[in-house]
Amino acid sequence: MIGAGKIKQYSNILEKPLSKGKQEVSLSAFAFLFSELVQYNQAQVDNIAELERRLEDAGYAVGARVLELLCHRDKGNRRETRLLGILSFVHSTVWKVLFGKVADSLEKGTEHEDEYMISEKDLLVNKFISVPKDMGTFNCGAFVAGIVRGVLDGAGFPAVVTAHFVPMEGLQRPRTTILIKFAEEVLQREARLG
Amino acid sequence: MTSTACFIIVSRNDIPIYEAEREDAAQLHQFILHAALDIVQDLAWTTSAMFLKAIDKFNDLMVSVYVTAGHTRFMLLHDSRNEDGIKSFFQEVHELYIKILLNPLYLPGSRITSSHFDTKVRALARKCL
């Protein structure tokens, strides 16, 4: 039987406490599960854009839940109402809970006012995946982009979030950048709030 | 305690996903609560707290609102002045809501149909309000 020891059986999920739990999940288990997720979706679509969209949608569902759970558990019931607030929430709290470390960097885009980038040298979901040449610019980081979009959308900051590979000199593998482009209304509201 | 109370949970897209009544003056109560939604909209962006206290009055009934991180609004129509009781009621329902939300088969923004949830909310209402 897998897992010795008795766990208290709850008759209903609503009775179960919202504790932090074990905080650690097997990396190989996750890698297998994620690779199966990608393969399952790959078998169902005929082009890369659709595959990225499906991964993003899977991540969106995670993001919506992560937002509510973390604000309740880690932030003592404080909501984020400002742009920089929600970005640093994603960059530190969300990343720490999901990947065990804060994101490598958070930058503001230079060309456009509404663009921000979160970069990661070695994104967990891309760690064990190599993309064949004929798939072009496909990036499994679309799953993480979906998570970020779920968090931002849930908090009231609609944005278009995409994942890109950025080759870096000195590193064997390119670094992954999550590009966040906020909708017009977010900037207007930020300006209004001062 | 015979105070009237009506509790609804409204999703981000202004669709009610859960309703609970104490008595049966249903239509009027829901109308008042939906009318208060505009006020909540503006107020939510001015503060980072979740509990927004009493935001609207109608005759002798008050509307209290609690906004979650995902902009789901818990709205309570009541005539009592017991603020602490109301705050703890909202916090307990918030925990229940998060547990419902964590279900991967629950679509966020859809109606909450769990009868367990309903039973627990009513029990909490009797206890805290």
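Owing to the predicted nature of the structure, the values given are computational and were not obtained by experimental measurement. Within every chain, numbering begins at 1; the chains are lettered A, B, ... in the order of the sequence lines, protein sequences first and strands thereafter.
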>> Less than 4.5 Å to any heavy atom of chain B: does that hold for the side chain of Arg82(A), its backbone, both, or neither?
In response: neither
> For Phe117(B), is it the side chain, the backbone, both or neither that has a heavy atom under 4.5 Å from a heavy atom of chain A?
Replying inline: both
> In terms of heavy-atom proximity below 4.5 Å to chain B, should Leu193(A) be classed as side chain, backbone, both, or neither?
Replying inline: side chain
> So what's closer than 4.5 Å to chain A heavy atoms on Ser114(B): side chain, backbone, both or neither?
Replying inline: side chain
> Of the non-hydrogen atoms in His71(B) and Gly156(A), which two are nearest, and what is the gap between them?
Replying inline: CD2-N, 4.2 Å
> Same cluster for Val62(A) and Tyr97(B) if Ile/Leu/Val/Met/Phe/Trp/Tyr side chains link at under 4.5 Å?
Replying inline: no
> Tyr60(A) versus chain B, heavy atoms under 4.5 Å apart: side chain, backbone, both or neither?
Replying inline: side chain
> If you draw a 6.0 Å radius around NE2 in His34(B), do more than 12 non-hydrogen atoms from other residues or ligands fall strictly inside?
Replying inline: yes
>> Nearest 0.5 Å, please: how far is OG1 in Thr68(B) from CZ in Arg79(A)?
In response: 8.5 Å
>> So which residue, Lys99(B), Gln91(B), His94(B), ends up with the most heavy-atom pairs under 4.5 Å with chain A?
In response: Lys99(B)
> Has Lys121(A) got more than 12 heavy atoms of other residues, nucleotides or ligands less than 6.0 Å from its NZ?
Replying inline: no
>> Other residues, nucleotides and ligands only: do more than 12 of their heavy atoms fall within 6.0 Å of CZ on Phe30(A)?
In response: yes
> Atom CD in Glu68(A), atom CG in Leu101(B): separation rounded to 0.5 Å?
Replying inline: 5.5 Å
> Do the side chains of Val63(B) and Val40(B) join up, straight or via other hydrophobic residues, at under 4.5 Å, putting them in one cluster?
Replying inline: yes
>> With a 4.5 angstrom heavy-atom cut-off, is it the side chain or the backbone of Tyr66(B) that approaches chain A, or both, or neither?
In response: side chain
> Is Arg65(A) close to Pro108(B) at the side-chain level, that is, under 4.5 Å between some pair of heavy atoms?
Replying inline: yes
> Between Met62(B) and Val67(B), is there a shared hydrophobic cluster once you connect ILVMFWY residues whose side-chain heavy atoms come closer than 4.5 Å?
Replying inline: no
> Taking atom NZ of Lys57(B) as the centre, does the number of heavy atoms from other residues, nucleotides or ligands within less than 6.0 Å exceed 12?
Replying inline: yes
>> Could you check whether atom NZ of Lys181(A) has more than 12 heavy atoms from other residues, nucleotides or ligands sitting under 6.0 Å from it?
In response: yes
>> Contact between Met50(B) and Cys71(A) at the side-chain level, heavy atoms closer than 4.5 Å - yes or no?
In response: yes
>> I need the residue from Ile98(B), Thr72(B), Ile100(B), Leu107(B) with the largest number of non-hydrogen atom pairs under 4.5 Å to chain A.
In response: Ile98(B)
>> Taking atom CD as the centre, does Glu113(A) end up with more than 12 heavy-atom neighbours from other residues, nucleotides or ligands that are less than 6.0 angstrom away?
In response: no
